[in-house]
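Convention: sequence-line order gives letters A, B, ...; per-chain numbering from 1.
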2 protein chains.
Amino acid sequence: MNPTTPKLDSANGALSIAAVERDTGLSKDTLRVWERRYGFPNPQRDAGGERIYSAEQLEKLRRMRRLMDQGRRPSQLVGLTVAQLQELLDAHTPCAHDSSRETTHETALLNLVRLQRSAELYSALQQLLLKQGLQRFVADTLAPLNETVGQAWLRGEIDVTGEHLYTEQVQNLLRGAIGASATAHGRPRVLLTTLPEELHGLGLLMVEATLVPEGVSCVSLGTQTPLADIRTAAAAGRFDVVGLSFSAAYPSRQAIEGILELKSGLPADIALWVGGSAVQGRTGKLPGVRVISDLADVLTALEQWRDSST
Amino acid sequence: MNPTTPKLDSANGALSIAAVERDTGLSKDTLRVWERRYGFPNPQRDAGGERIYSAEQLEKLRRMRRLMDQGRRPSQLVGLTVAQLQELLDAHTPCAHDSSRETTHETALLNLVRLQRSAELYSALQQLLLKQGLQRFVADTLAPLNETVGQAWLRGEIDVTGEHLYTEQVQNLLRGAIGASATAHGRPRVLLTTLPEELHGLGLLMVEATLVPEGVSCVSLGTQTPLADIRTAAAAGRFDVVGLSFSAAYPSRQAIEGILELKSGLPADIALWVGGSAVQGRTGKLPGVRVISDLADVLTALEQWRDSST
DNA sequence: GGGTTCATTTTGTCCTGGACAAATCGTTGA
DNA sequence: TCAACGATTTGTCCAGGACAAAATGAACCC
């Protein structure tokens with residue numbers, strides 16, 4: 001189908017520019033212009049003159065990207081070593097969440113992730129779910145655990161496998177619980193999804209799990225729905241609310257732009273709720289959009305909607 | 001953060017090249033090279049010389065893309081009108097699976113997808129699941145329904161929204177069912193995942209749903225696991241079998257290459273099972289690999305494994 | 001001091017046109 | 001019927017120039 005798919009890519013450690021684009025989210029144009037301007041990354045070339053990036057360059061690019069998501073600019077970062085970048089990342093870690101504050105549950109669960117004991121992880125989570133109930137489980141256990149796993153991943157304590165495994169088990173659990181308690185005709189009708197290029201769907205599931213017990217009827221479109229499709233789906237399904245979720249990796253700028261564009265094409269009587277670190281504190285730039293600060297705030301937003309729609 | 005994000009995009013009907021890339025999945029490079037070679041699309045230019053695509057051009061590009069997913073080549077398509085392209089899309093309905101063969105269940109379910117009645121879809125599927133049991137439900141209902149939905153999508157009868165919604169509901173259902181009947185210590189231990197660039201995870205879930213009732217302990221890593229990670233995970237978790245799934249969209253060549261490379265790096269006592277249209281009938285090219293022909297064959301493979309490992 | 005305006009710098013995206021290699025097609029020969 | 005091999009098609013990559021939006025910093029007024 002694709003006449004040319006990128007050589008071998010990550011198979012033998014030879015990273016093409018397309019592979020780096022996928023992994024870092026930095027466009028090919030950006031990678032080339034950085035090389036021209038800053039001299040980094042300075043990849044080797046194969047026989048055909050095409051760029052071959054090393055794993056180390058990829059690591060540095062990944063960290064740069066994360067720091068830029070926090071508001072830094074590339075020229076400040078490009079001269080630093082991987083270790084120095086890592087220091088900056090560690091320094092930023094919100095002090096409100098240092099490891100000493102991790103609960104016993106959390107460290108135990110994190111250990112299961114680290115050891116890749118998926119079945120035990122699943123049943124441990126399930127027990128907590130039964131004990132706490134869906135909403136409290138999501139807000140009090142899952143949300144901080146997510147954070148902890150994310151941090152552990154950044155620090156390199158968990159590999160890709162561990163992270164995949166974690167999200168898989170959480171999805172299994174949440175989807176089962178949601179399916180069990182879904183209602184068909186509740187109000188409001190909420191449409192949940194993410195914008196294109198946002199792959200993380202766990203946030204959506206957590207929101208859905210929070211809303212469903214309140215009698216809300218949620219429809220999730222999964223991740224990566226084109227703007228035009230969100231619009232038509234929202235109108236066609238007579239939804240009251242459209243909810244978007246953004247992970248920390250999503251560029252804040254892009255998020256705001258997408259949100260505003262969607263808002264402008266959405267009927268005025270459909271509310272737009274957005275949540276995730278990419279949009280935190282940007283309320284000012286998003287008139288007419290409800291910015292959700294955390295999972296508890298989802299319920300507040302719901303209450304407000306119900307009050308105002310009487 | 002991004003100093004320049006594409007103007008206003010589709011907000012006022014002015015489509016930048018980036019917007020068209022997002023909507024059609026055709027890369028900027030491809031769009032430019034088509035314009036150079038075929039004279040289409042031939043967008044207007046704004047004051048700065050940048051391309052402005054019309055909605056009509058976008059429509060034609062969308063259809064071309066769909067037809068190319070069916071194996072056509074751009075040079076055949078670029079001269080046709082939108083109407084002619086639509087005709088081709090309508091005509092594609094493969095005769096092996098004409099609508100007359102669809103069961104009553106199937107047409108009813110397909111209608112729910114088309115009308116985006118997600119709650120009803122979910123409960124209809126759930127009823128079937130209860131009546132048929134997990135394994136028969138997956139093999140007899142879900143597999144053909146998948147096929148039908150895929151065909152309908154190719155013909156343009158269902159939009160992205162409908163497809164998202166369908167996979168979302170099926171996932172909810174299967175994950176719930178799997179979670180309910182999972183066993184922690186069964187044999188064999190099976191590791192399920194897809195290679196990088198393969199995004200479709202529904203096949204994995206269906207396999208998992210088929211195996212779990214047999215007392216197999218399955219661990220799914222979700223989609224897009226790098227080869228190196230599959231290897232380390234398989235060894236570290238002491239798995240007996242690694243299972244890979246490939247959708248029809250995955251290039252066959254790439255699949256075989258990836259499988260062989262994985263096989264060569266895997267301990268000899270770990271079996272490798274692969275399934276999906278991309279690998280059908282390629283048994284000859286894959287020595288030492290168990291090619292799974294369909295869902296029933298999964299159970300055959302399981303039986304064989306259990307026989308040979310006594 | 002705190003806020004507004006304006007020039008300057010930074011930065012990502014888009015442009016052109018050339019090149020190449022993988023995939024496919026069409027033909028030939030066993 | 002199938003394998004092999006040249007010709008064609010096709011998507012990706014490259015270089016280096018240009019531009020406009022965003023961020024920064026200086027000057028200014030209340």
Side-chain angles (χ1 to χ4, degrees), chain A residues 1-9 14-22 24-38 40 43-53 61 64-65 68-79 251-254 256-257 285, chain B residues 1-9 14-22 24-38 40 43-53 61 64-65 67-79 197 250-257 281 284-285:
Chain A
M1 205 126 315
N2 292 338
T4 293
T5 23
K7 313 302 127 62
L8 272 167
D9 274 347
L15 296 159
S16 71
I17 194 171
V20 174
E21 177 182 38
R22 268 205 317 276
T24 62
L26 299 164
S27 77
K28 302 188 215 333
D29 274 321
T30 301
L31 288 166
R32 284 193 278 254
V33 92
W34 280 10
E35 185 178 341
R36 201 196 311 167
R37 288 191 185 140
Y38 312 125
F40 177 87
Q44 289 191 303
R45 302 304 182 108
D46 70 3
E50 304 195 349
R51 292 171 172 79
I52 306 282
Y53 294 84
L61 287 169
M64 285 181 68
R65 162 85 199 202
M68 287 172 58
D69 288 343
Q70 295 173 12
R72 314 246 181 189
R73 314 189 71 181
S75 56
Q76 307 176 313
L77 307 171
V78 77
S252 192
R253 257 242 58 62
Q254 204 174 328
I256 290 171
E257 196 180 308
K285 291 188 175 179
Chain B
M1 203 126 318
N2 292 338
T4 293
T5 23
K7 314 304 123 67
L8 271 166
D9 277 346
L15 296 158
S16 73
I17 195 172
V20 174
E21 177 182 39
R22 270 205 316 272
T24 63
L26 299 164
S27 78
K28 300 182 187 55
D29 274 322
T30 301
L31 289 167
R32 283 193 279 254
V33 93
W34 282 9
E35 184 178 342
R36 202 194 311 168
R37 286 188 187 142
Y38 312 125
F40 177 86
Q44 291 192 301
R45 303 303 184 106
D46 70 2
E50 305 195 348
R51 293 171 171 79
I52 307 281
Y53 294 84
L61 287 169
M64 285 181 67
R65 167 89 161 115
L67 285 163
M68 286 171 57
D69 286 342
Q70 295 175 15
R72 313 249 180 187
R73 311 190 71 181
S75 55
Q76 309 175 313
L77 306 172
V78 77
E197 308 191 42
Y250 205 90
S252 188
R253 221 190 105 56
Q254 203 175 330
I256 290 172
E257 209 173 284
K285 293 189 173 176

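Contact between the side-chain N/O atoms of Ser75(B) and the OP1/OP2 oxygens of dT10(D) is found at a separation under 4.0 Å. Distances shown here put every side-chain N or O of Arg72(B) at or beyond 4.0 Å from the OP1 or OP2 atom of dT9(D). At dT10(D), one or more side-chain N or O atoms of Tyr38(B) fall inside 4.0 Å of OP1 or OP2 (strictly under the cut-off). Phosphate contact (OP1/OP2 of dT13(C), side-chain N/O of Ser27(A), threshold under 4.0 Å): present.
For the pair Gly48(A) and Ala47(B), both in contact range of DNA chain D, the more 5′-proximal nearest nucleotide belongs to Gly48(A). Taking the nucleotide of DNA chain C with the nearest heavy atom to each of Ile17(B) and Pro74(A), the more 5' of the two is matched to Pro74(A). Each of Gln76(B) and Arg45(A) was matched to the nucleotide of DNA chain D holding its nearest heavy atom; the match closer to the 5' end belongs to Gln76(B).
At whole-Å resolution of the value, CE in Met68(A) and P in dT11(C) are 8 Å apart. Atom CZ in Arg37(B) sits about 14 Å away from atom P in dT8(D), given to the nearest Å. Taking atom CD of residue Glu50(B) and atom C1' of nucleotide dA21(D), one finds them 11 Å apart after rounding to whole Å. One interatomic measurement links the two molecules: CD1 of Ile52(A) to C1' of dT12(D), which rounds to 14 Å at whole-angstrom precision. For the pair Leu15(B) CG and dT13(C) P, the interatomic distance rounds to 18 Å; values are reported in whole Å. Atom pair Leu77(B):CG and dT9(D):C1' shows a separation of 13 Å (rounding to whole Å applied). Between the CD atom of Gln44(A) and the C1' atom of dC13(D) there is a distance of 17 Å, given to the nearest Å.
Side-chain contact check for Ile52(B) versus Leu15(B): every heavy-atom pair is 4.5 Å or farther apart. Side-chain contact check for Val33(A) versus Tyr38(A): every heavy-atom pair is 4.5 Å or farther apart. Contact of the Ile17(B) side chain with the Tyr53(B) side chain is registered, since non-hydrogen atoms from C-beta on lie closer than 4.5 Å. Put simply, the side chain of Leu26(B) does not reach to within 4.5 Å of the side chain of Glu21(B), judged on heavy atoms.
For the segment residues 28-36 of chain A, the set of residues with a heavy atom within less than 4.0 Å of an atom of DNA chain C comprises Asp29(A), Thr30(A), Val33(A), Trp34(A), in numerical order.
The environment of CD in Gln44(A) is sparse: at most 12 heavy-atom neighbours from other residues, nucleotides or ligands sit within 6.0 Å.
Applying the side chain to side chain contact (heavy atoms under 4.5 Å, CB included) test to Arg45(B) and every residue at least two apart in sequence or in another chain returns Glu35(B), Arg51(B).
A donor-acceptor pair under 3.5 Å links the side-chain atoms of Thr24(B) to the main chain of Val20(B), judged by distance alone.
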